[in-house]
Number of protein chains: 4
Amino acid sequence: MVEGPPLRADAQRNRARILDAAEAVFAEFGPRASTEEVARRAGVAIGTVFRHFPTKDDLLAAIMKRLLTQLVEEAGQRDLFAFFTLMVAQAAAKKTVADLLAGSGMNIRLPDAVGHLEEAVGRLLEQARAAGVVAAPVRLAEVMALLASVCQGALHGGWDEQLQARTLAVIFAGLKRY
Amino acid sequence: MVEGPPLRADAQRNRARILDAAEAVFAEFGPRASTEEVARRAGVAIGTVFRHFPTKDDLLAAIMKRLLTQLVEEAGQRDLFAFFTLMVAQAAAKKTVADLLAGSGMNIRLPDAVGHLEEAVGRLLEQARAAGVVAAPVRLAEVMALLASVCQGALHGGWDEQLQARTLAVIFAGLKRY
Amino acid sequence: MVEGPPLRADAQRNRARILDAAEAVFAEFGPRASTEEVARRAGVAIGTVFRHFPTKDDLLAAIMKRLLTQLVEEAGQRDLFAFFTLMVAQAAAKKTVADLLAGSGMNIRLPDAVGHLEEAVGRLLEQARAAGVVAAPVRLAEVMALLASVCQGALHGGWDEQLQARTLAVIFAGLKRY
Amino acid sequence: MVEGPPLRADAQRNRARILDAAEAVFAEFGPRASTEEVARRAGVAIGTVFRHFPTKDDLLAAIMKRLLTQLVEEAGQRDLFAFFTLMVAQAAAKKTVADLLAGSGMNIRLPDAVGHLEEAVGRLLEQARAAGVVAAPVRLAEVMALLASVCQGALHGGWDEQLQARTLAVIFAGLKRY
DNA sequence: GATGAATGAGCATTCATTCAT
DNA sequence: AATGAATGAATGCTCATTCAT
């Protein structure tokens with residue numbers, strides 16, 4: 001990985017503001033929101049956004065990476081079911097992750113960040129299996145698939161807490177007694 | 001529902017061709033595909049598309065309605081698990097349904113069509129419960145939620161047949177032993 | 001060559017106005033002039049320009065083709081020296097031809113149009129040789145090279161009539177007594 | 001000419017590096033190359049470029065001046081025909097001179113430097129006339145015009161050595177037997 | 001003096017929608 | 001009813017230039 005020189009303090013501040021703004025804007029309007037809107041909300045000129053992220057896809061990828069990293073950290077502090085529940089609860093707030101993990105037309109590759117999340121979930125899965133709360137034949141692939149699916153569903157379906165709980169209950173039951 | 005005068009024969013033919021073209025185009029490129037491309041594939045002029053569907057959203061809604069109607073018919077001929085499996089398998093082919101059920105930025109309301117689908121699935125659920133293959137406390141709401149979620153997941157995740165089968169297996173197990 | 005259906009009358013009128021405007025604008029400001037300026041001068045909206053010429057390069061190529069075609073016609077009615085003189089005299093007015101023949105960074109290929117011009121000059125050269133006013137060993141390649149060079153020179157140098165005449169006199173003398 | 005205080009040693013070094021970089025960059029990409037690219041290749045920050053040359057045109061003018069000065073020196077060591085040949089051969093390498101002598105959209109005035117070149121060529125012309133290899137009535141103006149033209153032609157036309165030789169042969173013959 | 005981040009006007013291009021033919 | 005040309009707001013991106021560090 002090529003690292004440039006450390007950013008100047010003001011540049012670092014702007015980079016963070018842009019990422020925050022982008023996360024909010026894309027969460028609200030989806031990845032089709034305009035880069036201008038991101039700049040406006042970050043309080044910088046459009047050129048500044050493009051200096052930090054040469055293309056819109058770079059910006060989206062950066063948000064994704066940050067969100068996924070947060071998720072990996074959160075995974076370290078929970079069991080599989082709790083993590084599942086957390087992700088679903090946050091899905092709406094993290095519209096961007098859900099949408100972009102899904103790949104809505106953007107050219108974004110995040111093998112590393114996604115890989116780390118998969119590893120983290122893998123660890124949770126092993127613990128769950130060891131604790132006897134997930135059946136032996138359940139593999140990581142379908143757990144990831146279910147996770148992604150339910151996040152999408154929650155995100156777009158606008159589930160209330162009840163519905164979310166009942167839907168997850170079905171999945172958790174299935175994982176336990178596969 | 002307000003019905004205008006019956007369409008002229010050629011107008012009716014054009015309407016159908018536009019819907020077919022739109023289904024194909026949006027399935028291939030997603031809802032961001034241009035209306036011009038739809039017109040081109042339908043072999044009509046762009047103005048004709050807009051005469052039949054005053055906005056792009058109207059066109060998308062019309063496709064959705066048609067697809068949902070087909071789904072309702074297919075639901076009548078299957079049991080719950082088979083219908084689930086069919087929908088997931090078709091998710092990629094019907095990118096539009098999945099995306100738009102999800103509401104990717106478009107302003108589309110289809111209460112009727114979605115309602116009919118929900119009723120159809122409700123009937124399958126009752127049959128499944130009666131047959132003892134779905135646990136009593138499982139409600140329609142979470143079944144619909146799971147259905148929508150897994151379609152989204154399959155669509156965007158590019159699942160192979162194996163993964164699809166294993167993922168559905170978890171859900172079916174959960175429905176049975178909730 | 002693929003020919004679409006014949007253009008509607010209004011479209012044909014606009015196409016011509018755009019070409020005229022483009023010729024004038026690019027003659028005045030060079031190929032870097034904005035497409036908006038062309039639209040403005042043509043009295044059409046920017047979208048109309050892009051409907052007729054999907055990229056800026058297409059527009060530039062179209063101008064070039066038209067100008068080169070005119071030149072070929074003019075070549076048919078003159079002898080070699082007169083044609084040389086005419087082209088130089090028009091160089092400034094046809095800045096675009098000169099600049100783009102030179103290839104100022106644009107991605108334009110006009111093999112046909114340029115080829116036709118070369119053929120026309122070739123015919124003039126043969127006549128001149130037959131008339132004994134051009135030495136036998138002079139080839140078409142260097143005549144074209146001189147033609148292009150002197151056009152560029154006249155264009156950018158802002159020659160007055162005297163200078164133009166004296167410069168061409170040197171070249172004509174060289175062609176005669178090579 | 002107004003001279004400021006003498007430059008600090010590092011400033012002088014930077015000025016030279018910027019000019020070298022600019023010459024290379026503009027030779028490679030033409031005058032449309034970005035000033036950032038020049039800074040990058042010079043190994044300085046963009047601000048430094050603009051401190052030394054307040055506008056891009058100033059930078060281009062400075063390169064021109066340096067190149068023209070070199071040409072004047074080279075003129076002193078050659079006869080007219082050799083100088084002509086040298087310039088044409090170098091035209092591609094010195095894209096910038098050719099382009100900017102031509103004035104491709106930039107606002108650049110270099111009366112002094114161009115004047116010196118003209119004087120140098122004037123001396124070559126007198127020597128050639130005295131040696132009887134250029135006809136008496138040939139004036140400096142058309143010699144300069146031919147020089148500029150052929151440089152432009154060679155530059156943009158991508159002539160090979162043969163074509164270059166044959167084209168110059170016509171001009172030299174014309175100069176001799178005007 | 002040097003640095004390099006920020007600015008913002010400007011550009012090519014797209015596309016839903018309108019309307020004259 | 002169909003056609004397809006015209007519209008023009010919007011978007012991603014560039015780059016000369018300024019100015020805080």
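A, B, ... follow the sequence lines: proteins, then strands. Residue 1 opens every chain.
- Between A:H52 atom NE2 and A:Q12 atom CD the span is 9.5 Å, to the nearest 0.5 Å.
- When the P atom of F:dG8 is taken as reference, atom CZ of C:F50 falls 16 Å away, rounded to whole Å.
- Here the P atom of nucleotide E:dT18 and the NZ atom of B:K56 are 15 Å apart, to the nearest Å.
- When the side-chain nitrogen and oxygen atoms of B:N14 are compared with OP1 and OP2 of F:dA1, none of them lie within a distance under 4.0 Å.
- Distance CG/D:L59 to CD/D:E23: 11.0 Å, rounded to 0.5 Å.
- In terms of phosphate contacts, B:T35 brings a side-chain nitrogen or oxygen within less than 4.0 Å of OP1 or OP2 of E:dA16.
- The C:A45 side chain lies nearest to F:dG8 when the options are E:dG4, E:dA16, F:dG8.
- Salt bridge annotation for B:R66-B:D20: present, with a cationic side-chain nitrogen under 4.0 angstrom from a carboxylate oxygen.
- Rounded to whole angstrom, the span from the NE2 atom of B:H52 across to the P atom of F:dT3 amounts to 9 Å.
- Straight-line distance from the CZ atom of A:R40 to the P atom of E:dG8: 13 Å, rounded to whole Å.
- Rounding to whole angstrom units, CG of residue B:L59 and C1' of E:dC15 are separated by 14 Å.
- As judged by a 4.0 angstrom heavy-atom cut-off over every strand, A:T48 is placed among the base-contacting residues.
- We find that CZ of C:F53 is positioned 13 Å from P of F:dA5, with the value rounded to whole Å.
- Considering only side-chain N and O atoms, C:R51 lies under 4.0 angstrom from the phosphate OP1 or OP2 of F:dA5.
- Atom pair C:E36:CD and E:dC11:C1' shows a separation of 8 Å (rounding to whole Å applied).
- Heavy-atom distances to DNA chain E give each of A:D10 and B:G47 a nearest nucleotide, and the one nearer the 5′ end belongs to A:D10.
- Pairing for F:dT14 is with E:dA9, a Watson-Crick or G-U wobble pair whose two hydrogen-bonding atom distances lie under 3.5 Å.
- When all heavy atoms are compared, the tightest approach of C:F26 to C:A33 is CE2-O, 3.6 Å.
- The residue A:S34 sits close only to the backbone: its heavy atoms come under 4.0 Å of sugar-phosphate atoms, none of a base.
- Closest-nucleotide positions on DNA chain F for D:P54 and A:I46 were compared, and the one nearer the 5' end corresponds to A:I46.
- Between the CZ atom of D:R40 and the OG1 atom of D:T35 there is a distance of 11.0 Å, given to the nearest 0.5 Å.
- A straight line from CZ of A:F29 to P of F:dA10 spans 14 Å, rounded to a whole angstrom.
- Across all strands shown, E:dT3 is found opposite F:dA20 as a Watson-Crick or G-U wobble partner, with both distances under 3.5 Å.
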